[in-house]
Amino acid sequence: MRIAPLWVVLLMLASCKDTKKPEYTTTDKVETQVSLSSEEHPGKKILEAECYLCHDPKASEQSMIAPPMIAIKKHYISEETTKEQFQNDLVSWINDPSEEKSKMPGALRKFGIMPLQPFPVDKIKLIADYLYEYEIDQPDWFEAHYRQGRGNGKGMGNGKGKGKHKGKGKQLRKGQEQKDGTATYSDIGLKYALSTKAQLGKNLIKAINEKGTAGAVEFCHIEAMKLTDSMSVMHNAIIARVSDKPRNPKNMANAKELRHIAAFKELLASGLDIDPVVEEIYGEINFYYPITTNTMCLQCHGTPSEQITSSTLSTLRKLYPEDKAIGYDVGQVRGIWSISFDK
């Protein structure tokens with residue numbers, strides 16, 4: 001029997017020592033997150049990718065399709081609430097949303113029940129850990145709304161206490177600073193995009209709750225473009241959702257839009273913040289902003305036989321024979337808002 005030379009043994013030991021440990025994926029690692037900075041915390045990334053599609057802190061009060069996360073934090077966390085209690089409450093709610101479990105009756109009346117969607121407990125606990133330990137973004141209108149709600153028992157909830165941590169105010173994005181307080185063209189375009197998303201989202205969630213995912217596909221086939229057109233009329237703008245992989249051929253992006261989609265994908269892959277793109281051409285403003293996927297989107301835009309059920313896939317093939325909008329994962333750019341309005 002031959003014995004390996006000493007240098008081989010040392011090299012093997014060094015390799016084992018330097019082997020990279022897997023990233024946070026299990027619940028027993030959740031408690032280690034508090035040592036990370038806010039920006040490094042994996043719960044923040046999951047929150048932004050999964051939750052902000054409906055709970056977007058940039059949205060106006062009228063454009064919300066679900067309460068902002070700061071409202072959930074304030075109504076679920078009191079001075080006596082432990083992190084474990086909050087994590088368990090959030091897991092219980094997301095995995096089985098019901099009126100009996102809700103601690104936000106005002107939000108329930110305004111937005112209805114959150115659609116049931118499969119979500120790993122590990123990820124929910126990471127989100128809860130981040131919400132519990134760190135200050136989070138909140139809409140600029142929230143503080144006044146919350147104080148008013150506490151005074152008259154209305155609003156997005158009537159929970160006791162302000163929660164363990166206070167949320168920070170709205171942060172201005174790059175290029176948004178205005179000395180005179182007026183809105184930028186980026187703000188205006190984002191307002192049009194988010195208000196249109198709100199109308200589509202509210203009706204889509206209602207269709208999912210009433211008819212299931214396949215029924216929601218039928219709703220989109222009949223009503224989505226009508227709703228988008230009506231919001232265009234309301235805002236006196238041209239509002240469109242376009243993609244490089246459209247479900248409806250009418251939503252195919254043009255050459256310029258394809259370049260913006262590619263650029264947004266590259267930014268997202270690099271982990272950089274994504275700001276709207278605003279262009280001015282002959283007195284007209286063109287606004288572009290990405291549409292990203294979360295878990296709920298994958299019920300119609302994920303992988304067949306995995307996230308997309310056979311009944312939903314059958315409906316998609318029937319209504320959209322040229323469908324290309326499948327095969328997505330969470331946190332990917334599915335398309336963009338392409339909005340034009342007069343300067």
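We're numbering straight along the sequence, starting at 1. Keep in mind that the numbers below use all heavy atoms, side chains included, and drop hydrogens, waters and symmetry copies.
- Under a 4.0 Å N-O distance rule, the pair Lys83/Asp129 qualifies as a salt bridge.
- Scanning both residues, Tyr76 and Ser102, for their nearest heavy atoms gives OH-CA, 4.0 Å.
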Checklist entry - How far apart are the C-alpha atoms of Cys300 and Arg247, what are their side-chain angles, what is the distance that settles it, and do they pass the side chain to side chain contact (heavy atoms under 4.5 Å, CB included) test? => result CA-CA 10 Å; Cys300 296; Arg247 175 147 285 165; 3.6 Å; yes
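- Tyr130 pairs by the ring pair (Phe, Tyr, Trp, His ring centres under 6.0 Å) definition with His41, Tyr134, not counting sequence neighbours.
- With sequence neighbours left out, the ring pair (Phe, Tyr, Trp, His ring centres under 6.0 Å) criterion links Tyr288 to His260.
- A donor-acceptor contact closer than 3.5 angstrom is absent between the side chains of Glu80 and Gln85.
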Next on the checklist: Before you tell me yes or no, could you show the steps for Asp187 and Thr184 under side chain to side chain contact (heavy atoms under 4.5 Å, CB included), namely the whole-Å CA-CA distance, both residues' side-chain angles and the distance that decides it to 0.1 Å?
Outcome noted: CA-CA 5 Å; Asp187 289 328; Thr184 67; 3.2 Å; yes
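- Leu267 and Val330 end up in different hydrophobic clusters when Ile, Leu, Val, Met, Phe, Trp and Tyr side chains are linked at under 4.5 Å.
- Under the 4.5 Å side-chain criterion, counting only non-hydrogen atoms from C-beta, Ser195 is in contact with Met231.
- Considering NZ of Lys197 and CG of Leu190, their distance stands at 9.0 Å, rounded to 0.5 Å.
- Here the straight-line distance linking atom OG of Ser338 with atom CD1 of Ile238 works out to 9.0 Å at 0.5 Å rounding.
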Item to check | Criterion salt bridge (Lys or Arg N to Asp or Glu O under 4.0 Å) on Asp137 and Lys58, from CA distance to verdict | outcome: CA-CA 9 Å; Asp137 289 327; Lys58 297 177 184 175; over 6 Å; no
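- Heavy atoms only, all atoms of each residue included: Ala253 and Glu257 are closest at CA-OE1, 3.3 Å.
- Contact of the Gln332 side chain with the Asp329 side chain is registered, since non-hydrogen atoms from C-beta on lie closer than 4.5 Å.
- In terms of the salt bridge (charged side-chain N to carboxylate O under 4.0 Å, His left out) criterion, residue partners of Lys101 (sequence neighbours excluded) are, by chain and number, Asp96.
- Lys324 and Asp244 are not joined by a salt bridge, as no carboxylate oxygen comes within less than 4.0 angstrom of a charged side-chain nitrogen.
- The shortest heavy-atom contact between Leu268 and Gly331 is CD2-O, 2.9 Å.
- Shown here are the ring pair (Phe, Tyr, Trp, His ring centres under 6.0 Å) partners of Tyr328, two or more places apart in sequence or in another chain: there are none.
- Heavy-atom minimum distance, Cys54 versus Met64: O-CE, 4.0 Å.
- In this view, Glu280 and Lys343 satisfy the salt bridge (charged side-chain N to carboxylate O under 4.0 Å, His left out) rule, not counting sequence neighbours.
- With sequence neighbours left out, Phe341 forms a ring pair (Phe, Tyr, Trp, His ring centres under 6.0 Å) with Tyr192.
- Qualifying salt bridge (charged side-chain N to carboxylate O under 4.0 Å, His left out) partners for Glu279, counting only residues two or more places apart in sequence or in other chains: Lys256.
- Atom CD of Glu266 is surrounded by 12 or fewer heavy atoms from other residues, nucleotides or ligands within 6.0 Å.
- For the pair Lys73 and Ile136, the tightest heavy-atom approach, listed with the atom from each and the gap, is CD-CD1, 4.2 Å.
- Taken from OG1 in Thr196 to NZ in Lys191, the straight-line distance is 11.0 Å, to the nearest 0.5 Å.
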Checklist entry - Should Leu47 and Tyr52 be marked as a side chain to side chain contact (heavy atoms under 4.5 Å, CB included) after you check the CA-CA gap, both sets of side-chain angles, and the distance that decides it? => result CA-CA 7 Å; Leu47 183 74; Tyr52 279 1; 3.4 Å; yes
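- Residues His301 and Thr293 bring no donor and acceptor atom of their side chains to less than 3.5 Å of each other.
- Nearest heavy-atom pair, Phe264 versus Ile336, reported as atom, atom and distance to 0.1 Å: CD1-CG2, 3.6 Å.
- Residues meeting the salt bridge (charged side-chain N to carboxylate O under 4.0 Å, His left out) test with Glu48, sequence neighbours left out: Lys44.
- Expressed to the nearest 0.5 Å, how far CD1 of Ile77 lies from CG of Asp89 amounts to 9.5 Å.
- Using modelled atom types, one finds a donor on one side chain and an acceptor on the other under 3.5 Å when comparing Asn286 with Ser340.
- Hydrophobic cluster of Ile308: the remaining members, joined at side-chain heavy-atom separations below 4.5 Å, are Val217, Leu313, Leu316, Leu319, Tyr320, Ile326, listed by chain and number.
- Between Lys245 and Asp323 there is no salt bridge, since no side-chain N of the basic residue sits under 4.0 Å from a carboxylate O of the acidic one.
- Every pair passing side-chain hydrogen bond (donor to acceptor under 3.5 Å, both in side chains) that includes a residue from residues 208-229 is listed here, sequence neighbours excluded: Thr213-Gln299.
- For Ser311, the side-chain contact (heavy atoms from CB on, under 4.5 Å) partners at least two apart in sequence or on another chain are Thr309.
- Judged purely by distance below 3.5 Å, without hydrogens or angles, the side chains of Thr315 and Thr312 never pair a donor atom with an acceptor atom.
- Atoms CD and NZ, from Glu84 and Lys125 in turn, are 7.0 Å apart once rounded to the nearest 0.5 Å.
- Contacts of Met252 classified as side-chain contact (heavy atoms from CB on, under 4.5 Å), with partners at least two apart in sequence or in another chain: Pro246, Leu258.
- Using a 4.5 Å heavy-atom threshold, the side chains of Cys51 and Ile127 count as touching.
- Looking only at side-chain heavy atoms (C-beta outward), Ile339 and Ile188 stay at 4.5 Å or farther from each other.
- Looking at heavy atoms from C-beta onward, Ile113 lies in side-chain contact with Leu108 at the 4.5 angstrom threshold.
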Item to check | From CA spacing to verdict: side chain to side chain contact (heavy atoms under 4.5 Å, CB included), Phe219, Leu227 | outcome: CA-CA 11 Å; Phe219 158 79; Leu227 280 171; 3.8 Å; yes
